[in-house]
Amino acid sequence: TRPSPLAGQSVLITAGPTHEPIDPVRFIGNRSSGRMGFAIAAAAANVGARVCLISGPSRLPTPAGVERVDVETAEQMYQAVLDRAPQAAVFIAAAAVADYRVEARAMHKIKRDNQPDQLSLVPNPDILKAVAGLTDGPLTVGFAAETDDVLDNAHDKLTAKGIDMIAANAVGEGKGFEVADNALTVLWPGGHRELGHKAKTQLAAELIDLVGERFHAAD
Ligand code: C5P
């Protein structure tokens with residue numbers, strides 16, 4: 001087999017959820033195990049890429065040969081990614097980043113008799129969009145987890161974020177999050193490929209092959 005176009009290239013990947021603290025013991029987060037992103041990191045390392053995995057809170061073990069940077073919040077993930085993205089050849093955003101954070105986190109545990117009945121939220125930065133906006137930045141690959149109109153929404157996201165590729169999948173009712181398999185359709189300006197329903201590890205390997213092809217085509 002021929003060497004992957006990603007062999008020796010620097011590939012930056014985000015994975016997992018982010019946790020947005022309310023106080024030292026509570027957070028707002030989402031249902032992401034990190035499985036898809038960790039599988040992509042393993043697949044990229046397997047083809048010889050130099051992989052840096054920026055992970056939100058996840059219990060998953062670090063794939064062999066992968067450099068891992070642990071973060072908690074979207075702002076920390078943004079900082080960790082933007083520090084490294086200018087040097088990366090490819091950026092794959094597989095993290096399920098919380099769209100909002102709590103405006104004023106409490107520094108001490110909020111007591112039962114002192115609970116606010118409203119939380120004020122502010123939007124988090126869009127990490128993928130920021131990387132896509134870099135001059136001479138990496139090839140950018142996003143995910144679109146959708147419950148409805150998956151392909152239409154994914155296509156809109158490809159354009160709105162100005163990214164090079166998007167992997168679309170259906171979520172909800174046992175699909176997408178916290179499960180071992182998934183189905184992906186990958187879109188880019190001018191093409192698409194159906195990767196079908198299979199184990200996330202297999203999907204990750206096929207996605208990395210496809211990203212390698214697009215990277216080679218763009219080179
Ligand atoms: O806009 P939406 O969250 O649906 O887009 C999903 C894609 O954007 C995923 O690739 C996700 O990792 C990325 N994203 C990001 N930073 C955010 C929100 C989403 O990198 N704040």
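Since the structure is predicted, the reported quantities are computational estimates derived from the model, not experimental observations. For ligands, and for the atoms within them, numbers begin at 1 and follow the listed sequence.
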Exercise. May I ask whether V131 and L139 are part of the same hydrophobic cluster, defined by side-chain heavy atoms of I, L, V, M, F, W, Y residues being less than 4.5 angstrom apart, directly or through others?
Key: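 No; L139 is not reachable from V131 via cluster members.
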Quiz item: Taking any residue with a non-hydrogen atom under 4.0 angstrom from an atom of ligand 1, which ones do you get?
Solution: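 Shell around ligand 1 (4.0 Å, heavy atoms): A93, A95, V97, P125, D126, I127, L128, G142, F143, K157, K161.
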Quiz prompt | Carboxylate-amine/guanidinium proximity below 4.0 Å for R214 and D164 | solution =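 Not counted as a salt bridge, because no side-chain N and carboxylate O are separated by less than 4.0 Å.
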Quiz item: So, E206 and R193, do they make that salt bridge, N to O below 4.0 Å?
Solution: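 R193 and E206: not salt-bridged.
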Exercise. Output yes when a side-chain donor or acceptor of E20 lies under 3.5 Å from a complementary backbone atom of A74, and no otherwise.
Key: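 Present.
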Quiz prompt | Residues, nucleotides or ligands: over 12 heavy atoms within 6.0 Å of Y78 OH | solution =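 Counting other residues, nucleotides and ligands, OH of Y78 stays at 12 neighbours or fewer.
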Practice problem: List the steps, then state whether side-chain contact (heavy atoms from CB on, under 4.5 Å) holds for V81 with F91. | Solution: CA-CA 9 Å; V81 168; F91 173 57; 3.7 Å; yes
